[in-house]
Amino acid sequence: MTKELGKAYQPTDIESAIYTKWERSGFFNPDNLPGKRKTPFTISMPPPNVTGELHLGHATGLTIQDIMTRYHRMKGDRTLYLPGTDHAGISTQVMVERLIASEGVDRNSLGRAEFVKRVWQWKKKYGTRITTQVRQLGTSCDWSREHFTMDPSLTAAVHKAFITLFNEGLIYRGTRIVNWCPRCATALSDLEVKHVETASKLWFIRYPLSGTTKYIVVATTRPETMLGDTAVAVNPKDKRYTQYIGQKIILPIMNREIPIVADSRVDMEFGTGAVKVTPAHDAADYDIGLTHHLPVINVIGQDNKMTKEAGEYYGKSVQDARHDIFIRLENEELIEKTIDYVHQQARCDRCSTPIEPLISKQWFLKIAPLAKPAMAAMKSGKVAIIPKRFERVYFHWMNNIHDWCISRQLWWGHQIPIWYCQKCQEPTASSAKPKSCKKCHGKQFKQEEDTLDTWFSSGLWTFSTLGWPDKTKDLKLSHPTSVMETGWDILFFWVARMIMLSLKFTNQVPFKTVYIHGLVLDKDGKKMSKSKGTGIDPIPMMEKYGTDAIRLSVVLGTSPGLDYRMYEEKIAGYRNFINKLWNVARFILSQPAPKGKLEIKSLADTWIMNRLNSLVTAVTKNIEEFKFSEAGTALYDFLWHDFADWYLEISKIEKNTGILRQVLSVWLKLAHPFIPFVTEEVWSQLVPSGKNHMLIVQPWPHADKKTTSSSAETNFGLLQQYITAIRNFRSEHSIPPTELLTVAFSGKQTGLVLDNIDIIKMLARLSKLERKDITKPTGSFPGLDYSIEAKIDAAKQQKEVASLSAYIQQLESKLTNKNFTERAPKEIVAKEKEKLREAQEKLKKLL
RNA sequence: GGGGACGUAGCUCAGUUGGUUAGAGCGUCACAUUGACAUUGUGAAGGUCAGAGGUUCAACUCCUCUCGUCCCCACCA
């Protein structure tokens with residue numbers, strides 16, 4: 001029946017078979033789980049990009065999500081882990097554009113319909129790559145409920161949400177200055193812009209005052225935008241300029257007369273205190289322009305080239321125009337000076353291209369009315385973030401939030417469900433083409449060409465995937481979801497927006513707890529980067545070391561919200577641990593299964609069962625408290641040290657195979673959420689086969705009060721101390737293990753030693769261990785003196801005496817300090833006294 | 001400019017509401033090895049817990065400041 005277990009664990013041989021077994025069992029689907037399951041537990045998987053590839057960030061998140069899922073499933077909850085993928089507007093479109101470029105075409109020559117068709121083909125081809133990799137990681141999600149953000153049902157949800165918000169006036173269309181990425185050729189939200197420190201120049205340009213020979217000097221990092229200047233602004237408090245307010249400037253090159261205006265937003269300290277105002281190409285200038293009713297002149301187009309308004313520079317690239325303008329100003333002696341200047345340049349988050357602020361017609365979501373309840377939900381504790389400090393970050397952002405630009409000039413995404421009447425241009429929000437215009441009864445319509453920001457559809461993710469806007473059973477059972485597990489980098493992009501949109505549309509928070517994991521760094525603490533080659537690809541690592549080892553390496557030694565380093569040696573270390581488990585199991589399974597009831601006979605038995613109970617309690621508590629690293633570390637230490645190093649060795653004498661199997665079996669259950677593959681495999685060797693016997697649905701263990709024993713903990717602890725002391729002695733005196741020692745002992749604890757004499761003899765490698773009165777002990781413990789027959793290193797002895805004396809002195813000074821003895825709690829004082837007594841006794845015997 | 005995190009053994013990290021002679025893994029060194037495991041075992045060396053003050057009987061732990069590293073937010077051209 002049982003197959004031979006190989007000497008070393010070979011994960012690749014069995015992982016995919018086990019995953020298939022799980023998937024076929026149907027247990028990923030909560031409707032198929034055995035028993036009555038009342039308490040719902042739901043996790044919505046943050047959808048990876050459909051054309052993406054699994055990286056360590058995914059691996060971290062998915063592992064933690066899966067740990068919670070597997071734990072709750074075993075605990076008996078109605079557990080749903082819902083997977084899916086995101087259409088990822090920009091990045092997917094860019095990939096396909098790159099592909100067709102290699103065929104020598106661009107999207108415009110292909111046309112919208114054909115291009116979108118090509119993207120769907122691409123999605124079909126590569127969309128399963130990521131889900132296959134998610135499976136490879138052992139993720140126990142319900143694939144029968146898998147969703148894609150552009151599924152018909154999710155598109156329906158997006159339409160419903162958009163139309164509702166539009167009809168309520170929360171979505172509006174406006175001509176505004178937006179962040180434009182020239183390379184992606186689309187508007188971006190504020191969040192998609194990052195600020196990068198960039199070395200540049202600050203040019204000081206003379207702007208002649210109209211009707212005089214005087215001029216005002218302005219400082220700028222972007223001289224080419226001067227063509228679109230419509231004012232110069234100064235601070236009203238700035239005495240240097242008060243006399244000029246209201247006067248006119250002759251704008252160089254353009255020879256246009258522009259006013260000097262006063263605005264308190266101008267920083268007197270910076271540059272010359274006078275600012276050129278270009279409302280069309282700078283967000284701050286745009287605001288100043290609004291206040292002072294300045295005209296807006298577009299001199300740069302969406303194609304990153306100068307417009308007709310730029311006069312003679314029409315058609316030139318921004319870079320060329322800058323160069324030419326500088327030369328011309330210099331020739332006209334209008335450049336006062338040029339200095340080196342480092343500033344935070346706005347760049348596209350995705351492609352790092354410098355952002356071009358441009359005026360354009362875009363769709364916006366009014367966010368303030370949504371932010372209010374979203375903040376209230378966090379304040380009242382309906383949503384909590386772990387770690388808590390991110391709640392402050394959340395509030396700060398929510399308090400300073402701007403309207404969200406939701407339209408993108410992309411073809412891949414949800415086309416905005418707005419239809420313009422071709423007669424009167426009235427927009428109607430509708431999922432399908434309207435029959436007739438409400439305003440003029442026109443019959444001809446044209447749909448808005450723009451698509452929605454990807455995050456608009458992912459903002460609905462927790463409820464759209466459960467069937468919303470329909471009132472489905474899933475929505476009723478599984479929403480709000482229990483936990484959202486994600487990285488801090490998308491707290492604003494995604495988490496905050498989900499909270500706002502979920503409250504808006506379902507009146508519920510999307511999730512009760514947000515668990516934030518850290519980002520993965522390379523060995524030097526830098527962000528992993530594909531281009532620099534510092535990244536570790538999890539897939540080959542999984543193949544080399546096994547998936548369970550990867551899972552441990554992204555969870556152990558990490559804490560919520562803190563970034564952590566990853567390197568191959570770490571993974572190899574956890575592979576070793578998995579192999580240790582494998583061999584522990586191999587050893588246990590090589591022995592005949594016991595007949596009859598479980599019997600706790602010896603001190604070691606009592607001790608290991610007690611330890612196991614503590615482990616059950618600790619692992620359960622830590623998982624409940626989201627301390628996954630601590631839970632995993634406890635499992636690691638127990639198996640390797642308590643169980644393998646001590647109990648397993650002792651079992652070679654005591655041969656209590658019942659306990660061996662019992663401990664292994666409970667441990668496998670506890671460890672299953674962390675390392676599902678190897679535990680399921682070992683489990684299948686340990687128990688009868690059959691679907692309902694699979695580890696994945698075994699009930700979560702409980703601590704057994706009947707087998708807890710604190711005295712066993714103490715006594716076994718002493719035993720360990722004795723053994724370690726002898727081993728230590730042997731090593732310090734360079735006595736080879738082949739040489740068996742003779743040890744004599746005496747004292748109160750002789751009973752403990754006599755009861756476990758064979759164990760001590762084996763583990764300390766002794767030929768003889770006998771009770772005998774000792775005059776000069778080699779060493780001593782509370783209740784036990786011992787003497788080892790061997791030559792004693794005097795220097796060693798002295799060193800120990802010295803350290804012991806120092807320790808005693810430290811304790812004595814503490815205990816003679818009245819402040820301590822009078823003010824510290826009695827237990828603490830008693831404890832210190834006991835320590836002193838023990839140390840003194842030990843020292844006496846050594847001398 | 002605002003906010004946050006981190007600084008504990010050579011390296012990567014634990015250290016729960018203040019009370020242990022400060023821990024683990026890797027690495028190093030010594031020794032061991034024919035039945036579960038060399039992806040191993042046993043033991044050792046290695047730390048003024050970044051620095052300076054303060055609170056306290058007692059500080060790695062709480063407070064303040066300083067130094068160092070990193071990150072987030074922000075329309076100083």
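Below, read A as the first sequence line, B as the second, and so on, with proteins coming before strands; counting in each chain starts at 1. Just so we're clear, the structure is a prediction, and the values are computed from it rather than from any experiment.
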**From CA spacing to verdict: side chain to side chain donor-acceptor pair (under 3.5 Å), A:Tyr207, A:Asp229** = CA-CA 11 Å; A:Tyr207 276 19; A:Asp229 282 4; 2.6 Å; yes
**Asked** Atom CD of A:Gln10 and atom P of B:A36: how far apart are they, to the nearest Å?
**Response** 19 Å
**Prompt:** Do the side-chain N or O atoms of A:Asn728 get closer than 4.0 angstrom to the phosphate oxygens (OP1, OP2) of B:A44?
**Reply:** yes
**Message:** Would you say A:Tyr341 places a side-chain N or O within less than 4.0 Å of OP1 or OP2 belonging to B:A77?
**Reply:** yes
**Item:** Polar side chain donor-acceptor pair, A:Arg240 to A:Thr272, under 3.5 angstrom
**Value:** no
**Request:** Answer yes or no: does a side-chain N or O of A:Trp640 lie under 4.0 Å from OP1 or OP2 of B:U40?
**Result:** no
**Asked** Under 4.0 Å between a side-chain N/O of A:Lys580 and OP1 or OP2 of B:G41, yes or no?
**Response** yes
**Message:** It should be established whether A:Ser559 places a side-chain nitrogen or oxygen under 4.0 Å from OP1 or OP2 of nucleotide B:A14.
**Reply:** yes
**Asked** Among A:Asn576, A:Val682, A:Ile578, whose side-chain contact (heavy atoms from CB on, under 4.5 Å) with A:Tyr9 holds?
**Response** A:Ile578
**Asked** Are any of A:Arg222's side-chain N or O atoms less than 4.0 Å away from OP1 or OP2 of B:A77?
**Response** no
**Any-strand Watson-Crick or G-U partner of B:G7, both distances under 3.5 Å** = B:C67
**Item:** Complement of B:A24, any strand, by Watson-Crick or G-U distances under 3.5 angstrom
**Value:** B:U12
**Message:** Measuring to OP1 and OP2 of B:U21, would you say a side-chain N or O of A:Lys835 lies under 4.0 angstrom away?
**Reply:** yes
**Request:** Indicate whether OP1 or OP2 belonging to B:G4 is found under 4.0 Å from a side-chain N or O atom of A:Arg392.
**Result:** yes
**Item:** Short side-chain N/O contact to B:C13 OP1/OP2 from A:Lys570, under 4.0 Å
**Value:** no
**Prompt:** Can a side chain N or O of A:Arg727 be found less than 4.0 Å away from OP1 or OP2 on B:G43?
**Reply:** yes
**Asked** Can you tell me the Watson-Crick or wobble partner of B:G41, both distances under 3.5 angstrom?
**Response** B:C31
**Under-4.0 Å side-chain N/O to phosphate OP1/OP2 contact, A:Asn819 with B:U56** = no
**Asked** Is a donor-acceptor contact shorter than 3.5 angstrom present between the side chain of A:Arg575 and the base of B:U39?
**Response** yes
**P spacing across the pair B:C49 / B:U61, given as an integer number of angstrom** = 10 Å
**Complete:** Pairing partner of B:U48, by Watson-Crick or G-U wobble and under 3.5 Å for both distances, is none
**Request:** Measure from the side chain of A:Arg389, starting at C-beta and using heavy atoms only, and say which of B:C71, B:G4, B:A36 lies closest.
**Result:** B:G4
**Message:** Without decimals, in angstroms, what is the distance between A:Lys388 NZ and B:G4 P?
**Reply:** 15 Å
**Request:** May I ask you to verify whether the side chain of A:Glu649 and the base of B:A36 hold a donor-acceptor pair under 3.5 Å?
**Result:** yes
**Message:** Below the 4.0 Å mark, does B:C13 have OP1 or OP2 next to a side-chain nitrogen or oxygen of A:Arg565?
**Reply:** yes
**Request:** Identify the nucleotide, in any strand shown, that forms a Watson-Crick or G-U wobble pair with B:U55, with both distances under 3.5 Å; if there is none, say none.
**Result:** none
